[in-house]
Amino acid sequence: MSDFDMIEKIGILRKKRNAIILAHNYQRPEIQDIADFTGDSLELSIKAKNVKEDVIVFCGVSFMAETAKILSPSKTVLLPVADAGCPMADMIDIKSLRELKAAHPAAMVMCYVNSTAEIKAECDICCTSANAAKIASKIPRESEIIFVPDANLGAWSEKQSGRKMILYPGFCPTHVRFIPEMIIKKRSEYPSAALIVHPESSPDVSALADAVLSTGGMLEFARLMPYKEIIVGTETGLLHRLEKENPDKKFIALCEEAVCPNMKKTTLAKLMLSLENMEEEISVPEDIRQKAEIPVLKMLSYS
Ligand code: 13P
Ligand code: SF4
């Protein structure tokens with residue numbers, strides 16, 4: 001079947017199922033283009049909470065679809081590829097989290113949205129890369145903070161908020177590819193370019209950037225700042241939107257190999273089959289969902 005035919009069929013099925021297609025900024029270009037809404041994790045959570053349609057097809061990774069289900073339990077949430085996961089989210093299990101909590105019984109637990117529903121259910125407040133420092137600064141000063149699972153985002157929020165954190169040693173395999181030498185090389189090739197990186201990058205990389213931003217923040221930076229050339233340190237899927245929305249500007253990937261294989265699993269064919277067969281339906285046990293909803297709603301109330 002050609003792409004053209006699949007796009008047509010997806011359009012028909014989307015109406016038939018009364019579905020909305022949500023896509024993360026790292027999805028393949030053709031998926032971003034067909035989606036009803038493309039955004040960063042925070043924007044997607046807000047959108048998922050307020051959808052009118054009966055079905056949410058989430059083109060992203062499993063924790064995102066789970067978060068949509070946590071926030072909109074009455075909707076059918078589909079993840080087109082069942083094994084599109086996030087290796088960082090899988091780096092922490094419930095046993096390790098409970099051990100950490102037991103070692104710091106008075107600490108508040110802040111979890112990155114890149115975590116399973118089961119982990120969220122054990123945490124006090126959630127955050128995304130767009131609001132981590134702001135959320136940390138809302139936690140009472142006298143309280144210790146445990147941050148899971150991304151040590152790099154945790155370190156960045158620690159620096160921005162001035163709050164000391166107990167960091168769990170998780171990381172994003174895609175963003176830790178960035179190393180300072182890449183920055184030095186790109187800066188010498190494009191001396192007048194701005195250089196922006198995602199806070200999942202390691203602290204020595206973030207320290208060398210002009211701005212450290214979520215993917216939504218990067219899109220805003222590109223739109224509002226006067227730079228004609230921008231070096232982009234995040235998953236390369238974001239370049240599609242950056243280029244589409246800013247045709248007069250040049251975007252350079254900090255590293256062409258910074259690709260998240262899980263984000264790229266969703267294809268037009270998988271999306272079409274998902275709508276056709278109503279697969280893979282995401283379910284979260286109701287007791288876990290209710291507990292996981294608390295930190296996510298708390299985050300949204302501060303956003
Ligand atoms: P944001 O789009 O929220 O910046 O997140 C990046 C990411 O890695 C999602 O998995
Ligand atoms: Fe997870 Fe990193 Fe992929 Fe985001 S880019 S989904 S954090 S592995």
Side-chain angles (χ1 to χ4, degrees), residues 26 40-42 61-64 67 85-139 143-183 196-209 211-215 217-218 233-235 254-255 258-263 295-296 299:
Y26 296 158
D40 71 10
S41 310
L42 180 62
V61 292
S62 55
F63 76 79
M64 296 180 171
T67 306
C86 168
M88 179 212 280
D90 295 337
M91 283 176 193
I92 185 162
D93 57 24
I94 211 73
K95 186 171 167 281
S96 320
L97 176 58
R98 287 186 181 150
E99 280 168 8
L100 199 53
K101 285 171 73 169
H104 304 275
M108 293 269 285
V109 188
M110 189 169 156
C111 61
Y112 190 19
V113 71
N114 296 36
S115 52
T116 61
E118 205 187 8
I119 292 292
K120 287 187 179 80
E122 297 260 338
C123 296
D124 298 298
I125 192 155
C126 186
C127 72
T128 74
S129 60
N131 60 17
K134 186 174 165 189
I135 300 282
S137 62
K138 302 277 182 196
I139 296 177
S143 176
E144 268 191 305
I145 304 174
I146 293 174
F147 190 95
V148 299
D150 185 10
N152 292 325
L153 177 64
W156 175 248
S157 343
E158 199 173 28
K159 205 170 158 202
Q160 294 304 298
S161 65
R163 298 299 309 273
K164 187 88 196 78
M165 294 182 183
I166 299 143
L167 303 175
Y168 184 83
F171 61 89
C172 164
T174 303
H175 285 86
V176 297
R177 296 181 85 110
F178 303 133
I179 51 169
E181 287 71 19
M182 289 174 183
I183 297 198
I196 56 180
V197 302
H198 195 275
E200 288 173 12
S201 310
S202 62
D204 51 350
V205 164
S206 292
L208 294 174
V212 180
L213 300 161
S214 69
T215 59
M218 288 180 171
T234 194
E235 210 274 353
L254 178 57
C255 167
V259 175
C260 173
N262 285 284
M263 282 285 182
V296 181
M299 167 185 81

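All values below come from the heavy atoms of this structure, side chains included, with hydrogens, waters and symmetry mates left out. Position 1 is the first residue of the sequence; numbering continues from there.
Residues Glu200 and Val176 fail the side-chain proximity criterion, which asks for heavy atoms closer than 4.5 Å. Here the side chains of His198 and Leu213 are not in contact, with every heavy-atom distance at 4.5 Å or above. Side-chain contact check for Thr67 versus Lys120: some heavy-atom pair is nearer than 4.5 Å. Ile119 has its side chain within reach of Ile94: a pair of non-hydrogen atoms, C-beta onward, lies under 4.5 Å apart. Within the 4.5 Å cutoff, side-chain heavy atoms of Asn131 are placed close to those of Leu42. Using a 4.5 Å cut-off on side-chain heavy atoms (C-beta onward), Asn114 and Asp150 make no contact. Contact check for Cys123 versus Leu97: side-chain heavy atoms found under the 4.5 Å cut-off.
In this view, Phe63 satisfies the ring pair (Phe, Tyr, Trp, His ring centres under 6.0 Å) rule with no residue, not counting sequence neighbours. In this view, Asp204 and Ser202 satisfy the side-chain hydrogen bond (donor to acceptor under 3.5 Å, both in side chains) rule, not counting sequence neighbours.
Rounded to the nearest 0.5 angstrom, Cys172 SG and Arg177 CZ are separated by 10.0 Å. To the nearest 0.5 angstrom, Ile135 atom CD1 is 8.0 Å from Lys138 atom NZ. We find the CD-OG1 distance between Glu235 and Thr174 to be 6.0 Å, quoted to the nearest 0.5 Å. Atoms OG and CE, from Ser115 and Met91 in turn, are 13.5 Å apart once rounded to the nearest 0.5 Å. Here the CD atom belonging to Glu122 is positioned 4.5 Å from the NZ atom belonging to Lys101, to the nearest 0.5 angstrom.
Across Ile146, Ile139, Asp124, a single residue satisfies side-chain contact (heavy atoms from CB on, under 4.5 Å) together with Met110, and that is Ile139.
Annotation for Cys127 and Leu153: closest pair SG-CD2, 4.4 Å, computed over non-hydrogen atoms. For the residue pair Ala209 and Val197, the shortest heavy atom distance occurs at CB-CG2, 3.7 Å. Looking at every heavy atom in both residues, Ser41 comes nearest to Met64 through OG-CE, 3.8 Å. Scanning both residues, Tyr112 and Ser129, for their nearest heavy atoms gives CE1-N, 3.5 Å. Closest of all the heavy-atom pairs between Ser143 and Ala107 is OG-C, 4.5 Å. The nearest pair of heavy atoms linking Pro149 to Ile92 is CB-CG2, 3.7 Å.
The list of side-chain hydrogen bond (donor to acceptor under 3.5 Å, both in side chains) pairs with a residue in residues 151-163, not counting sequence neighbours, reads Glu158-Lys164.
Using modelled atom types, one finds a donor on one side chain and an acceptor on the other under 3.5 Å when comparing Tyr26 with Thr234.
In this structure, Asn262 contributes its side chain and Gly85 its backbone to a donor-acceptor pair below 3.5 Å.
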